[in-house]
Amino acid sequence: MLNKQQIEKLNQQLLQRKEKLTKEVNSSRQIINDLLCEDTYDEIDFAEVSSDSFNMNALRNKQLEELKEIEIALKKIKNNSYGVCEMCNEKIGIKRLKAKPHARFCVDCRPVYEETLKKK
């Protein structure tokens, strides 16, 4: 199981990532708004603005999803359930948590979870 020092370090990583993502989401929102207000003079301009706003929106959605996962991880730290796989209830390895502190699944269960997402 993770010791208190490891959990605190991962908690700090999560909080720092949350702060960075929050700033990026706000910036993305402003960029999207600016793109949508941009004048388009022909089909090429319109296509470029549409493509750029689509890409920025897709990036923003990924960032929002990661923020949700970070919030879940922070709640788990508070209720002492952090570092436990949501599928098999086994410990998530420290190497995985260091790479992705908001990981919800162990290395073995992650591909199974991803496969269920593809089927939906």
Backbone N or O of K23 within a donor-acceptor pair of the S27 side chain at under 3.5 Å?
-> no
Single-linkage hydrophobic cluster L21~L74, side-chain heavy atoms < 4.5 angstrom | yes
For the residue pair E24 and R60, establish whether any side-chain heavy-atom pair is separated by less than 4.5 Å.
-> no
Is any side-chain heavy atom of K100 less than 4.5 Å from a side-chain heavy atom of E69?
-> yes
Considering only heavy atoms from C-beta outward, does the side chain of L14 approach that of R17 to under 4.5 Å?
-> no
Polar side-chain atom of Q6 near backbone of N3 as donor-acceptor pair, under 3.5 Å | yes
Check: S53 main-chain N/O paired with N57 side-chain donor or acceptor under 3.5 Å | no
Taking a hydrophobic cluster as the set of Ile, Leu, Val, Met, Phe, Trp and Tyr residues connected by side-chain heavy atoms closer than 4.5 Å, whether directly or through intermediates, do L59 and I70 fall within one such cluster?
-> no
Shared hydrophobic cluster for L67 and I32 (ILVMFWY, side-chain gaps under 4.5 Å) = no
Under a single-linkage definition using a 4.5 Å side-chain heavy-atom cutoff for Ile, Leu, Val, Met, Phe, Trp and Tyr, are V25 and L15 assigned to the same hydrophobic cluster?
-> yes
Which pairs with one or both residues in residues 70-110 pass ring pair (Phe, Tyr, Trp, His ring centres under 6.0 Å), sequence neighbours excluded?
-> F105-Y113
Note, N61 side chain near L64 side chain (heavy atom, < 4.5 Å) | yes
Pair Q12, Q16: side-chain N/O donor-acceptor within cut-off below 3.5 Å | no
Heavy-atom side-chain proximity of S28 to Q63 below 4.5 angstrom | yes
From C109 atom SG to R104 atom CZ, the distance as rounded to the nearest 0.5 Å | 12.5 Å
